[in-house]
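No experiment lies behind these values; they were computed from the predicted model shown. The sequence lines fix the lettering, A, B, ..., with proteins before strands; numbering per chain opens at 1.
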Amino acid sequence: MLDIKLVRTNPEYVRAGLAKRGMDTLVDDLLQLDQDRRERLTTVENLKNKRNIVSKEIGRLKAGKIDASNLIEEMKTVNDEIKRLDGEIRELEEKLNNLLLSIPNLPQDDVPVGRDEQANVEIRRWGTPPEFSFTPQPHWEIGEKLDILDFERGARLSGARFTVLKGLGARLERALINFMLDLHINQHGYTEILPPYMVNRDCMVGTGQLPKFEEDMYKVAPGDYFLIPTAEVPVTNLHREEILDVEHLPIKYVSYTACFRAEAGAAGRDTRGLIRQHQFNKVELVKLTTPETSAQEHETLVQDAEKVLQLLNLPYRVVLLSSGDMGFAASKCYDLEVWLPGFNTYREISSCSNFGDFQARRANLRFRREPEAKPEFVHTLNGSGLAVGRTVAAILENYQQADGSVVVPEILRPYMGGVAVIK
RNA sequence: GGAGAGAUGGCCGAGUGGUCGAAGGCGCACGCCUGGAGAGCGUGUAGACGUUAAAAGCGUCUCCUGGGUUCAAAUCCCAGUCUCUCCGCCA
């Protein structure tokens with residue numbers, strides 16, 4: 001959520017930022033609602049002040065057995081006016097708040113400006129795409145032939161975009177989850193969180209999924225629950241409504257969860273394979289930090305995610321997303337794209353974002369520098385470390401051999417009971 | 001699912017209609033004291049919003065949430081959420 005005070009004091013800056021996202025008509029609406037609200041607020045607060053003073057006077061008179069009925073009558077008309085103004089203010093605040101909740105974050109200054117992924121900037125590449133003496137297969141064909149991925153039965157159980165993992169396929173998924181968690185816990189200093197997979201509406205508003213993207217979320221029938229689309233939601237909201245001690249920052253959490261996405265707008269895209277599923281596994285990194293350190297923490301977050309790909313020896317590149325390609329809540333975002341030989345291209349496997357105070361303001365997530373200091377909003381960051389299903393796809397495609405078998409990356413073998421080849 | 005109890009400041013806890021944003025204690029900060037520490041003593045310790053260029057000051061709101069009664073609500077009424085205890089069910 002944008003800071004209404006920033007809109008008020010620096011509307012041109014906000015207008016310019018939103019223009020980079022391809023929207024600019026909202027600032028005037030915000031200013032008008034804000035001004036209307038403040039005008040009425042000043043009036044009604046003066047009336048309430050009067051009411052408080054007179055009420056105390058009435059109390060004194062009654063205590064002294066003196067008649068106060070004329071003052072009580074006067075207050076009745078004042079109360080009618082207060083009630084009317086309070087109603088108007090409530091309406092204006094609701095409009096203002098709804099509008100603010102539907103406006104995306106402003107891009108940081110070093111984010112490339114553009115309308116879509118065409119304007120993204122490649123930052124660096126790591127590794128060399130493997131050469132094959134045969135035509136590399138897409139992962140779904142490899143997985144089906146090895147009888148470790150079962151798309152047909154996934155569809156029978158649940159429908160399109162659901163997959164069953166079997167035997168060493170299931171084992172590989174589980175090995176990756178444990179490998180990633182161990183790496184981030186032991187080498188990168190994150191604390192593991194295993195959160196609920198269903199959260200309430202407040203959490204979804206806090207991280208920015210609601211109110212704008214409700215149609216992409218799975219809603220659970222009894223109660224007002226949502227299936228989490230990413231561990232970002234429960235983990236970022238863990239400290240909502242809290243004021244954290246500055247010496248506890250940065251807080252670094254790593255969390256494995258299943259993720260659930262309706263993919264409502266993705267009909268016809270990535271219909272085969274593991275790339276786009278309604279349910280998938282992900283290991284997520286989340287940081288809460290101070291404003292002055294968030295840019296640096298963002299860089300190290302990306303490096304922590306890259307380390308997974310490096311240890312698995314999977315070629316990838318880092319891309320800085322353009323203003324038009326970034327997610328709603330992000331102020332700056334790097335994607336990691338892994339090389340997929342079956343697609344002959346790089347595909348997103350991790351998205352690492354700095355949200356600034358955008359989510360913190362929604363979730364009322366603050367910290368205090370000194371015991372007596374005024375609370376400030378933290379900066380929140382997160383990134384996949386990594387999407388597990390896509391990592392399975394990347395391993396199958398990069399490590400495939402002419403005979404249809406797949407070599408297990410060395411670092412995973414201890415997690416696979418020593419299995420070196422899936423055949 | 002049934003029955004009951006409860007929700008007050010960072011924490012504990014008092015407060016059943018009127019100088020209550022809230023006693024007291026703990027914790028924390030600063031000062032005094034001390035060779036130093038502790039004890040002791042003193043002072044101070046919520047947040048949001050509005051007014052302001054900003055601060056100070058002032059005002060409004062907040063005692064789980066949302067409505068209501070009243071000139072006046074932590075306190076009375078209604079609805080909801082959450083926590084705890086007992087019973088039932090259950091991996």
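In this structure, A/K83 reaches the sugar-phosphate backbone alone: every heavy-atom distance under 4.0 Å involves primed, P, OP1 or OP2 atoms, never a base. Heavy atoms of A/L71 sit nowhere under 4.0 angstrom from any nucleic acid atom. Heavy atoms of A/K56 sit nowhere under 4.0 angstrom from any nucleic acid atom. When heavy atoms are screened at a 4.0 angstrom cut-off, A/R40 is found touching no nucleic acid atom at all.
When both pairing distances are held under 3.5 Å, B/G21 makes no Watson-Crick or G-U pair with any nucleotide shown. As the counterpart of B/A91, no nucleotide is assigned, since no Watson-Crick or G-U wobble pattern has both distances under 3.5 Å. Pairing for B/C82 is with B/G6, a Watson-Crick or G-U wobble pair whose two hydrogen-bonding atom distances lie under 3.5 Å. Both distances falling under 3.5 Å, in either a Watson-Crick or a G-U wobble arrangement, place B/C61 opposite B/G47. In a base pair of the Watson-Crick type (N1 to N3 plus N6-O4 or O6-N4) or a G-U wobble (N1-O2 and O6-N3), with each distance short of 3.5 Å, B/U34 is matched with no nucleotide. Remark: B/A53 base-pairs with no nucleotide; criterion is Watson-Crick or G-U wobble with both hydrogen-bond distances under 3.5 Å. Across all strands shown, B/U69 forms no Watson-Crick or G-U wobble pair with both distances under 3.5 Å.
A salt bridge between A/K48 and A/E45 is absent, with no side-chain N of the basic residue lying under 4.0 Å from a carboxylate O of the acidic one. At a threshold of 4.0 Å, the pair A/E242-A/R366 does not count as salt-bridged, since none of the basic side-chain nitrogens sits closer than that to a carboxylate oxygen. Between A/R201 and A/D224 a salt bridge is recorded (basic side-chain N to carboxylate O distance below 4.0 Å).
Separating the CZ atom of A/R368 from the P atom of B/U45 is a distance of 13 Å, rounded to the nearest angstrom. If you measure from atom CZ of A/F377 to atom C1' of B/G47, you get 11 Å, rounded to the nearest angstrom. Atoms CZ (A/R60) and P (B/G17) sit 20 Å apart, rounded to a whole Å. Atom pair A/N364:CG and B/U62:C1' shows a separation of 13 Å (rounding to whole Å applied). Rounded to an integer number of Å, the gap from CG of A/D86 to P of B/G66 is 13 Å. Rounded to whole Å, the distance from CZ on A/R369 to C1' on B/C28 is 20 Å. Rounded to an integer number of Å, the gap from A/N46 CG to B/C58 C1' is 11 Å. Separating the CD atom of A/E241 from the P atom of B/C64 is a distance of 15 Å, rounded to the nearest angstrom.
Positionally, the nearest nucleotide of RNA chain B for A/G59 lies more toward the 5' end than for the other of A/K76 and A/G59.
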